[in-house]
Amino acid sequence: GFDFYSILKNRLLFHRLNNMTQTNFKPLVHGIFDPATWTVTYVVYERVGGACAIIDSVLDYDAKSGRTSHASADQVVSFVRENKLHVKWILETHAHADHLTAAPYLKEKLGGQIGIGAHITSVQQVFQKVFHLEPEFKTDGSQFDVLLKPGQAIALDDLAGDIIDVPGHTPACVAYQFGDAVFVGDTLFMPDVGTARCDFPGGDAKALYASVQKLLTLPADTRLFMCHDYPPTDRPIAFESSVAEQRAHNIHVHDGVSEAEFVAMRTQRDATLDMPVLILPAVQVNIRAGELPPAEANGTRYLKIPLNAL
């Protein structure tokens with residue numbers, strides 16, 4: 001017979017699930033700023049007590065002593081536990097050159113799978129040669145739990161997740177979209193800071209321009225979350241923007257800036273930039289999914305400093 005309540009229940013369920021996949025659904029986003037590296041780690045989730053993803057975590061590293069610690073990562077652990085969240089994903093937007101990832105530590109404490117864009121293999125191939133890593137080091141991405149490609153499912157409960165390839169800063173950069181929130185990594189910064197550099201191995205200013213245009217075709221009210229903030233003035237730290245704000249005000253790629261203009265600007269500007277302070281330790285660790293190099297015969301782990309190579 002006619003079951004009005006079952007039909008209504010099914011329609012409500014369909015409506016809810018359908019909304020979860022639309023960009024007008026607003027997931028909860030918590031950012032934790034690390035002042036030592038100007039990095040923001042994000043926890044994104046649908047509801048307290050539900051599944052979450054951690055994006056771009058930080059392992060504290062003292063370059064003078066070579067010691068690691070977990071103050072930044074422990075803030076993430078505390079937030080996740082306080083909100084009774086279940087970690088499903090520990091995501092990297094790329095292999096960072098300015099901080100070390102705490103992904104293995106967070107996985108040990110909280111669970112979850114470590115994921116990164118599938119093109120990380122090309123980055124591993126480049127830096128395996130730069131650092132002349134041990135013969136056992138694999139360049140197939142197998143250090144990570146999952147290599148992610150556009151179209152691959154990274155859902156959190158009922159909240160669908162999407163992967164967006166955004167090469168340019170590195171060939172392996174990806175952005176992650178959950179509802180109306182997009183985590184852009186280093187592809188974009190706040191409008192008064194601009195865009196990522198493209199002079200690292202595999203970087204490409206034309207590719208970055210195309211990647212930015214891909215992001216800026218999203219709905220105007222899409223929330224964009226930056227991996228870093230480097231305030232050019234004394235304004236407070238900020239790391240959330242929108243497509244509309246970026247299109248109107250980004251100093252490098254606002255509406256009307258052509259590819260040729262952008263490439264010329266980026267090439268000229270990148271030639272003046274110093275290398276990031278932590279690039280040598282960070283890249284060696286991050287292409288290993290955050291694991292430290294294997295211990296040598298004396299039980300100590302070592303990082304390499306290639307001389308006159310970069």
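Note that this is a predicted model, so its numbers are computed, not measured.
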Quiz item: Okay, side chain of Arg266, backbone of Ala196: is any donor-acceptor separation there less than 3.5 Å?
Solution: yes

Exercise. In sequence, state the C-alpha distance, the side-chain angles, and the governing distance for Asp186 and Thr93, and then conclude on side chain to side chain contact (heavy atoms under 4.5 Å, CB included).
Key: CA-CA 8 Å; Asp186 289 6; Thr93 54; 5.5 Å; no

Quiz item: Can any side-chain N or O of Tyr61 pair as donor or acceptor with the backbone N or O of Ala282 at less than 3.5 Å?
Solution: no

Quiz item: Counting heavy atoms not belonging to Glu134, are there more than 12 under 6.0 Å from its CD?
Solution: yes

Exercise. Measure up the Tyr230 and His228 rings against each other and bin them: parallel (under 30°), tilted (30 to 60°), perpendicular (over 60°).
Key: parallel

Quiz item: Between Asp199 (side chain) and Ala271 (backbone), is there a donor-acceptor pair under 3.5 Å?
Solution: no

Quiz item: Does His119 NE2 have over 12 foreign heavy atoms under 6.0 Å away?
Solution: no

Quiz item: Among Glu82, Arg81, Gln75, which residue meets the side-chain contact (heavy atoms from CB on, under 4.5 Å) test with Ser78?
Solution: Glu82

Exercise. Would you tell me whether Tyr45 and Asp157 have side-chain atoms, one donor and one acceptor, within less than 3.5 Å of each other?
Key: no

Practice problem: Please step through ring pair (Phe, Tyr, Trp, His ring centres under 6.0 Å) for the pair Tyr176 and Phe183, ending with a clear verdict. | Solution: CA-CA 5 Å; Tyr176 298 105; Phe183 302 87; 8.0 Å; no

Quiz item: Given the rule that I, L, V, M, F, W and Y join up when any side-chain heavy atoms are under 4.5 Å apart, are Leu106 and Val285 in one cluster?
Solution: no

Exercise. Determine yes or no for a side-chain-to-main-chain donor-acceptor pair under 3.5 angstrom, with Lys214 supplying the side chain and Asp165 the backbone.
Key: yes

Self-check item: Considering all heavy atoms, the nearest Phe178-Ile154 contact
Solution: CE2-O, 3.2 Å

Quiz item: Where the side chain of Asn298 meets the backbone of Thr300, is there a donor-acceptor pair that is under 3.5 Å apart?
Solution: yes

Exercise. Please say whether more than 12 non-hydrogen atoms of neighbouring residues, nucleotides or ligands are located less than 6.0 Å from NZ in Lys304.
Key: yes

Quiz prompt | Any donor-acceptor pair under 3.5 Å from Glu261 side chain to Ser258 backbone | solution = yes

Quiz prompt | Exercise: do Thr101 and Ser57 side chains pair donor with acceptor under 3.5 Å | solution = yes

Practice problem: Search all heavy atoms of Val193 against all heavy atoms of Ile251 and return the closest pair with its distance. | Solution: O-CD1, 3.6 Å

Quiz item: In a check of side chain to side chain donor-acceptor pair (under 3.5 Å) between Thr195 and each of His169, Arg269, His252, Gln246, which one passes?
Solution: His252

Exercise. Using the side chain to side chain contact (heavy atoms under 4.5 Å, CB included) rule, take Leu133 and Ile287 through it: C-alpha gap first, then chi angles, then the decisive distance, then the call.
Key: CA-CA 11 Å; Leu133 298 179; Ile287 62 174; 3.9 Å; yes

Exercise. In sequence, state the C-alpha distance, the side-chain angles, and the governing distance for Leu303 and Leu280, and then conclude on side chain to side chain contact (heavy atoms under 4.5 Å, CB included).
Key: CA-CA 8 Å; Leu303 295 168; Leu280 297 177; over 6 Å; no

Exercise. Report whether Leu59 and Leu110 are members of the same hydrophobic cluster (ILVMFWY, side-chain heavy atoms less than 4.5 Å apart, transitive linking).
Key: no

Quiz item: Considering residues, nucleotides and ligands other than Lys138, do more than 12 of their heavy atoms fall under 6.0 Å from its NZ?
Solution: no

Quiz prompt | Asp229 (side chain) donor-acceptor with Ile237 (main chain) under 3.5 angstrom | solution = no

Quiz item: What is the minimum heavy-atom distance between Gly179 and Gln177, and which atoms define it?
Solution: O-NE2, 3.1 Å

Quiz prompt | Enclosure of Asn308 CG (heavy-atom neighbours >12, cutoff 6.0 Å) | solution = no

Quiz item: Around atom CZ of Arg235, are there more than 12 heavy atoms of other residues, nucleotides or ligands at under 6.0 Å?
Solution: yes

Quiz item: What are the two closest non-hydrogen atoms of Val44 and Leu156, and how far apart are they?
Solution: O-CD1, 3.5 Å

Self-check item: Co-membership, hydrophobic cluster, residues Tyr42 and Phe189, 4.5 Å side-chain
Solution: yes

Exercise. Dump the intermediate steps for side chain to side chain contact (heavy atoms under 4.5 Å, CB included) on Phe127 and Val130, then the final yes or no.
Key: CA-CA 5 Å; Phe127 285 104; Val130 168; 4.0 Å; yes

Quiz item: Taking Asn250 for the side chain and Gly194 for the main chain, is one N or O donor matched with an acceptor at less than 3.5 Å?
Solution: yes

Practice problem: Give a yes or no on whether the backbone of Ala71 and the side-chain of Asp34 come within a donor-acceptor separation of less than 3.5 Å. | Solution: no

